[in-house]
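Contents: one structure, followed by commentary.
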There are 2 protein chains.
Amino acid sequence: MTSTARGARARARIEVTTAIKEEARRQLAAEGAARLSLRAVARELGLVSSALYRYFPSRDDLLTALIIDAYDSLGEAAESAHAAVAQEGPRQRWVAVCAAVRRWALAHPHEYALIYGSPVPGYHAPQTTVPAAARVGLLLIGIVRDAHRGPGLTDLPLPADLRPEAERLVADLAPDLPPAAGAALVAAWAQLYGLVGFELFGQFHRVVEDREPFFRHAASRLADQVGLP
Amino acid sequence: MTSTARGARARARIEVTTAIKEEARRQLAAEGAARLSLRAVARELGLVSSALYRYFPSRDDLLTALIIDAYDSLGEAAESAHAAVAQEGPRQRWVAVCAAVRRWALAHPHEYALIYGSPVPGYHAPQTTVPAAARVGLLLIGIVRDAHRGPGLTDLPLPADLRPEAERLVADLAPDLPPAAGAALVAAWAQLYGLVGFELFGQFHRVVEDREPFFRHAASRLADQVGLP
DNA sequence: CAAAAAAGAGAGCACTGCTCTTGCCCCGGA
DNA sequence: TCCGGGGCAAGAGCAGTGCTCTCTTTTTTG
């Protein structure tokens with residue numbers, strides 16, 4: 001059974017690979033990225049540590065795999081939240097996506113920290129992560145673009161010294177958008193992660209208590225900022 | 001010379017302590033928090049690693065000292081930038097403080113990551129860090145409060161479900177401010193760090209190129225958001 | 001069916017934070 | 001001025017880490 005034999009090997013490899021990722025994700029969720037230990041993963045799987053290197057050439061490669069999965073998981077959460085309100089107005093959809101990002105972050109704090117917190121020292125994310133990372137951004141761009149084509153965006157200020165940069169930016173990201181909206185969108189995107197990060201990393205401790213309505217209002221004001229009606 | 005003798009001991013202790021912190025800060029700046037090694041610090045100082053524990057009971061305590069210093073350094077940078085434009089209007093002062101935070105962050109990326117990035121795993125900041133951490137926040141509060149007493153703040157929306165939280169918040173932070181301004185201020189504070197963090201941690205890579213004007217405009221829009229005239 | 005490739009085991013290297021014991025030396029009270 | 005005690009450094013050692021190398025077993029392939 002040559003073909004099944006080959007299939008068996010390949011299947012076993014995939015199984016072990018996902019088992020490693022699953023155990024690694026479990027440790028990541030429990031302890032955080034810097035406490036993720038290859039040896040501990042191997043131990044838990046009944047393997048010797050050196051055997052792990054047949055599947056991931058280094059700890060960083062394992063981390064990269066987890067990062068991509070985390071981006072995908074966040075992207076999927078945002079997309080499905082968006083799909084659930086796809087019939088509503090741009091502002092509702094915007095707030096829904098923001099709220100989904102926050103919810104995902106609260107549910108997966110260490111994974112969120114891995115992708116949007118300070119980079120793990122010595123580690124620099126390879127280009128592989130880019131497509132997965134872009135999903136939430138594309139979603140937000142889509143909402144603003146829909147609004148632009150439909151009910152229209154409110155006019156936004158754009159200082160003269162920012163105009164070239166804003167034009168370059170929309171040329172890359174969304175050529176149909178006005179430059180001011182593109183710049184505002186990118187800023188709002190960053191600010192969304194500021195809000196989420198502050199809540200997640202404890203900066204709101206003893207400052208903001210009732211965080212859900214606080215966040216929803218802030219997200220709605222971000223919608224103002226990008227000109228959503 | 002009893003007193004000088006005791007003084008000599010104490011002085012030596014202070015000198016070694018600051019030497020440790022200096023070397024640690026050097027390594028922090030060069031390699032990041034997670035690569036900060038007690039043994040390497042000791043080696044560089046010509047000490048054996050165990051000797052270091054006479055000065056800092058653990059690696060976390062050394063980190064805490066560095067965190068407090070970083071907060072202070074950032075706070076001082078923000079305060080001196082504010083002092084330089086103290087005569088100008090609230091909006092200029094607001095943007096100046098934001099720009100100072102960004103500048104400090106770009107100059108001290110690893111220290112910024114230490115205090116505003118994802119928390120170092122296993123480490124939880126003790127209460128000791130709170131006063132130092134509050135300096136920038138107090139500065140921003142002061143600007144908004146001055147504007148409120150002077151030229152006046154523009155009216156801001158405040159949804160009904162956020163009102164109790166906003167009132168509690170200003171009661172703690174700045175009793176003379178309108179609740180909506182307090183809530184907007186806290187949100188803007190978080191968003192400022194979103195902007196800085198995204199730039200610092202590379203999320204703007206190939207998205208925003210000319211970052212200085214981009215940031216200044218975003219900071220000015222944050223001023224709008226808190227109602228500064 | 002034999003050769004080659006893949007996978008796991010185990011030892012080992014250089015590093016980490018941290019503890020414990022030993023001994024020195026300087027400071028302060030008698 | 002002497003002497004005891006305490007602050008201090010040193011060194012060995014423990015348990016852990018990422019990673020490499022070699023050896024053996026198992027499976028796939030020509």
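Nothing here was measured: the structure is a model prediction, and the numbers come from that model. Scope of the values below: all heavy atoms of this structure, side chains included, with no hydrogens, waters or symmetry mates.
- Rounded to a whole Å, the CD atom of B/Glu15 is 13 Å from the P atom of D/dC8.
- If you take CD of A/Glu44 and P of D/dT17, they are 12 Å apart, rounded to a whole angstrom.
- Across D/dT27, C/dG17, D/dG11, the shortest atom-to-atom separation from the side chain of B/Tyr53 is found for C/dG17.
- When all heavy atoms are compared, the tightest approach of B/Arg145 to B/Ala174 is NH2-CB, 3.3 Å.
- Listed by chain and number, the residues in a side-chain hydrogen bond (donor to acceptor under 3.5 Å, both in side chains) with B/Ser50 amount to none (sequence neighbours excluded).
- Separating the CZ atom of B/Arg35 from the P atom of D/dT17 is a distance of 18 Å, rounded to the nearest angstrom.
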I'd like a list of close polar pairs between nucleotides 14-16 of chain C and the protein, N/O only, cut-off under 3.5 Å.
unit_1, atom_1, unit_2, atom_2, d
C/dT16, OP1, B/Ser37, OG, 3.0
C/dT16, OP1, B/Arg43, NH2, 3.3
C/dT16, OP2, B/Arg43, NH2, 2.6

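- Following rounding to the nearest Å, B/Leu45 (CG) and D/dA9 (P) show an atom-to-atom distance of 10 Å.
- Remark: aromatic rings of A/Phe204 and A/Phe214 are close, center separation under 6.0 Å.
- What you find for B/Leu38 and B/Leu52 is that their closest heavy atoms are O-CD1, 3.2 Å.
- The listed nucleotides are C/dT19, C/dC18, C/dG10; the one nearest the side chain of B/Ser58 is C/dC18.
- Backbone-only contact: A/Tyr55 has heavy atoms under 4.0 Å from sugar-phosphate atoms and none from a base.
- Comparing A/Pro57 and B/Val16 along DNA chain D, the residue whose closest nucleotide (by nearest heavy atom) sits nearer the 5' end is B/Val16.
- Taking atom CZ on B/Arg54 and atom P on C/dT22, their separation rounds to 14 Å, with Å as the unit.
- With rounding to whole Å, A/Arg11 atom CZ is found 10 Å from D/dT28 atom P.
- In this structure, B/Val226 and B/Ala181 approach most closely via the heavy-atom pair O-CB, 4.5 Å.
- Between the C1' atom of D/dG18 and the CG atom of A/Leu47 lies a distance of 16 Å, rounded to the nearest Å.
- By the ring-ring contact (aromatic ring centres under 6.0 Å, His included) test, A/His108 is found to be paired with A/Trp104, residues two or more places apart in sequence or in another chain being considered.
- Distance A/Leu52 CG to C/dA9 P: 10 Å, rounded to the nearest Å.
- A salt bridge links A/Glu212 to A/Arg216: at least one charged side-chain nitrogen sits closer than 4.0 Å to a carboxylate oxygen.
- The nearest heavy atom of DNA chain C to B/Ser50 and to A/Arg13 marks one nucleotide each, and the one closer to the 5' end goes with A/Arg13.
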